[in-house]
Amino acid sequence: MSRYRLRPTPAQEQALLEHCGHARYVWNLAVEQHAHWRPGRTSAPGFAEQCRQLTEARAEHEWLRGGSIIVQQQALKDFAQAMAKFFGMTHRRPTWRRRGRSEGFRIVAVKAGDVRRLSRNVGEVRVPKVGWVRFGWSRAVLDGVKSYRITRDRAGRWHVAFAVIPEPIPAPSTGEVVGVDRGVAVSAALSTGELLNAPTPREAEKTRLRRLQRKLARAKRGSNRRGKVKAAIAKLKARETDRRRDWVEKTSTDLARRFDVIAVEDLKIAGMTRSARGTVEAPGGNVRQKAALNRGILAAGWGRLVQRLEHKAPGRVVKVNPAYTSQRCSVCGIVDRTSRESQAVFRCRSCGYAGNADVNAAGNIRHAAGHAVSARGGPPLGGPVNREPQRDLLLVG
């Protein structure tokens with residue numbers, strides 16, 4: 001999706017909040033209906049039945065009828081898709097939505113004239129029951145927009161995302177293969193020797209965040225002071241998230257333009273960032289260290305980097321087995337766990353190679369990706385291949 005910063009007026013913001021409230025209300029009703037289902041009972045109502053129930057509710061309640069039918073029906077559609085993903089065992093079960101979290105709604109059946117450009121940096125989009133709402137025209141909106149989603153984050157910022165899939169970045173066709181080793185001290189190390197680091201909060205921002213967290217701990221729940229402190233914390237967190245996303249976008253675009261094949265480790269990030277096992281009575285070992293490691297992994301943007309690479313370079317991202325990539329020498333191939341002397345130093349005891357440990361691991365990832373070729377041989381992107389002589393061609397002439 002292409003996301004843009006929305007700039008509603010105060011009156012438009014109130015109307016958008018009403019749309020968010022209607023979408024949240026309909027979603028929570030659907031969650032409650034499915035929460036009552038148990039094995040052996042009649043199946044919970046599906047999307048079509050819930051739409052009929054919504055029509056009856058709109059006829060009975062004026063406040064619900066005053067909202068947009070598109071917003072409310074699409075909330076039910078989103079819930080149906082979420083349940084399908086849950087039963088497909090790809091996502092968790094849909095849960096309740098709270099005010100101030102996951103705020104947003106979707107608009108479909110968008111016409112060609114519903115999105116237009118006003119000036120160099122300003123555009124506007126037509127929102128049902130709201131009118132024309134301006135947004136920052138940071139880049140061109142691709143043609144063929146059929147739907148969009150408006151969201152509001154915890155920092156109070158509004159965004160509009162148009163559901164248009166951009167064209168993938170073409171491969172340079174140079175045959176270059178790169179290995180990418182993701183880490184905490186170094187966010188991404190390339191087999192070419194480059195070390196890339198995701199931006200981190202400044203020291204002043206870290207100090208301010210600690211002070212705000214202390215204020216939040218002392219503030220009374222439900223008070224205006226607590227709400228202001230939470231908003232200030234959300235702004236700091238949003239600034240950090242924006243920097244990390246910007247770094248991921250620029251890094252993934254650069255890798256997709258420079259290399260034909262990008263090799264990464266097939267890491268189970270969800271399992272790696274899980275909390276340490278244990279209970280309150282018998283807590284697990286190194287809980288605080290594990291929590292710090294989890295924060296470091298999430299701050300490095302491991303998952304989002306690979307996700308955006310797969311979006312921009314489809315078919316050119318190779319995931320390899322991460323076993324022994326940090327213990328194997330990329331020159332001679334000997335596996336020795338004592339060769340990694342520290343986090344940054346790798347010294348092979350067999351051939352004497354010495355270098356950066358992360359770059360060495362990236363070289364192993366690159367070598368592992370070299371085996372991902374077709375049965376006929378040749379480069380992963382095609383080109384000349386080894387083929388048996390064709391009998392019919394030999395008989396010609």
Subject >> Considering all heavy atoms, the nearest L267-P322 contact >> reply: CD2-CB, 3.9 Å
Subject >> Distance (rounded to the nearest 0.5 Å) between D153 CG and H159 NE2 >> reply: 6.0 Å
Subject >> Shared hydrophobic cluster for V248 and I262 (ILVMFWY, side-chain gaps under 4.5 Å) >> reply: yes
Original post:
Is there a donor-acceptor contact under 3.5 Å from the side chain of R58 to the main chain of L64?
Top reply: yes
Original post:
If you measure only the distance, is there a donor-acceptor pair under 3.5 Å linking the side chains of S252 and K312?
Top reply: yes
Subject >> Sub-6.0 Å ring centroid separation between H19 and F105 >> reply: yes
Subject >> Residue that, paired with E103, satisfies salt bridge (charged side-chain N to carboxylate O under 4.0 Å, His left out) out of R149, R157, R24 >> reply: R24
**OP:** Taking only Lys NZ, Arg NE, NH1 and NH2, and the carboxylate oxygens of Asp or Glu, determine whether R210 and E205 approach each other closer than 4.0 Å.
**Re:** no
Subject >> From CG (N294) to CD1 (I269), nearest 0.5 Å >> reply: 12.0 Å
**OP:** Please say whether the positively charged group of R116, taken as NZ for Lys or CZ for Arg, lies over the ring of W132, i.e. under 6.0 angstrom from the six-membered ring centre and within 45 degrees of the axis.
**Re:** yes
Original post:
Would you call K319 and E310 a salt bridge, using N to O less than 4.0 angstrom?
Top reply: yes
Subject >> Where P94 and W27 come nearest, the two heavy atoms and their spacing >> reply: CB-CZ2, 3.7 Å
Original post:
Is a side-chain donor or acceptor of S223 paired with a backbone partner of K220 at a separation under 3.5 angstrom?
Top reply: yes
**OP:** Answer yes or no: does atom CZ of R226 have more than 12 heavy-atom neighbours from other residues, nucleotides or ligands under 6.0 Å?
**Re:** yes
Original post:
What pairs with S43 under side chain to side chain donor-acceptor pair (under 3.5 Å), at least two apart in sequence or on another chain?
Top reply: none
Subject >> K206 and E203 ion-paired at < 4.0 Å >> reply: yes
**OP:** Return the minimal non-hydrogen interatomic distance between W302 and M272, and the atom names on each side.
**Re:** CZ3-CE, 3.6 Å
Original post:
Does N364 reach the main-chain N or O of Y324 with its side chain, forming a donor-acceptor pair under 3.5 Å?
Top reply: no
**OP:** Only one of D254, D246, T253 passes side-chain hydrogen bond (donor to acceptor under 3.5 Å, both in side chains) with K250; say which it is.
**Re:** D246
**OP:** To the nearest 0.5 Å, tell me how far R366 CZ sits from T325 OG1.
**Re:** 15.5 Å
**OP:** Measure from the side-chain N and O atoms of D181 to the backbone N and O of A362, and report whether any donor-acceptor pair falls under 3.5 Å.
**Re:** no
Original post:
Do V26 and L54 touch side chain to side chain, with heavy atoms closer than 4.5 Å?
Top reply: yes
Original post:
In Å, rounded to the nearest 0.5 Å, how long is the span from SG of C348 to CD1 of I334?
Top reply: 7.0 Å
**OP:** Mind running side chain to side chain contact (heavy atoms under 4.5 Å, CB included) on V141 and V164 for me, showing each step along the way?
**Re:** CA-CA 9 Å; V141 178; V164 180; 5.7 Å; no
Subject >> Centroid-centroid under 6.0 Å between F162 and F135 rings >> reply: yes
Subject >> Partners meeting side-chain contact (heavy atoms from CB on, under 4.5 Å) with Q12 (sequence neighbours left out) >> reply: P8, T9, V130, V133
**OP:** Classify the angle between the aromatic ring planes of F346 and Y353 as parallel (below 30°), tilted (30 to 60°) or perpendicular (above 60°).
**Re:** tilted
Original post:
Can E194 and R258 be counted as an ion pair, charged N to O under 4.0 angstrom?
Top reply: yes
Original post:
Can you check side chain to side chain contact (heavy atoms under 4.5 Å, CB included) on R52 and E49, steps first, answer last?
Top reply: CA-CA 5 Å; R52 286 191 288 269; E49 176 61 27; 2.8 Å; yes
Subject >> Which atom of V318 lies closest to which atom of V261, heavy atoms considered >> reply: CG2-CG1, 3.6 Å
Original post:
Are there more than 12 heavy atoms of other residues, nucleotides or ligands under 6.0 Å from atom CZ of F86?
Top reply: yes
Original post:
With distance as the sole test, does D242 use its side chain to make a donor-acceptor pair with the main-chain N or O of R239 at under 3.5 Å?
Top reply: no
Subject >> Option from L190, V180, V186 for which side chain to side chain contact (heavy atoms under 4.5 Å, CB included) with D358 holds >> reply: V186
Original post:
Strictly under 6.0 Å, is that where the ring centroids of F47 and F79 end up?
Top reply: no
**OP:** Using modelled atom types only, decide if a donor and an acceptor are shared between the side chain of T55 and the backbone of C51 within a distance under 3.5 Å.
**Re:** yes
Subject >> Over 12 foreign heavy atoms within 6.0 Å of CZ, R202 >> reply: no
Original post:
Going through the distances and angles, do R92 and K85 end up as a side chain to side chain contact (heavy atoms under 4.5 Å, CB included)?
Top reply: CA-CA 8 Å; R92 295 182 179 180; K85 294 178 180 179; over 6 Å; no
Original post:
Do you reckon V122 sits in the same ILVMFWY cluster as V160, going by side-chain contacts under 4.5 Å, direct or chained?
Top reply: no
Subject >> Under 3.5 Å: donor-acceptor pair, side chain of N360, backbone of R328 >> reply: yes
Original post:
Roughly how far, to the nearest 0.5 Å, is the OG atom of S187 from the CG atom of N197?
Top reply: 5.0 Å
Original post:
Should the heavy atoms of other residues, nucleotides or ligands under 6.0 Å from CZ of R257 be counted, would the total exceed 12?
Top reply: no
Subject >> V177/D260 under side chain to side chain contact (heavy atoms under 4.5 Å, CB included): CA gap, chis, key distance, verdict >> reply: CA-CA 6 Å; V177 181; D260 284 338; 5.9 Å; no
Original post:
Are E265 and R182 within salt-bridge range, i.e. N to O under 4.0 Å?
Top reply: no
**OP:** Mind listing the closest non-hydrogen atom pair of P128 and Y148 along with its distance?
**Re:** CD-OH, 3.9 Å
**OP:** Assess whether atom CZ of R93 is packed by more than 12 heavy atoms of other residues, nucleotides or ligands within 6.0 Å.
**Re:** yes
Original post:
Between atom CG of L16 and atom CG of L6, what is the distance when rounded to the nearest 0.5 Å?
Top reply: 6.5 Å
Original post:
Regarding Q33 and Q50, is there a side-chain donor-to-acceptor distance under 3.5 Å anywhere?
Top reply: yes
**OP:** Could you tell me whether a side-chain N or O of Q72 sits under 3.5 Å from a main-chain N or O of R65, the two making a donor and an acceptor?
**Re:** no
Original post:
What are the two closest heavy atoms between R316 and P172, and how far apart are they?
Top reply: NH1-CD, 4.2 Å
Original post:
Going by atom types alone, do R139 and S2 pair a side-chain donor with an acceptor below 3.5 Å?
Top reply: no
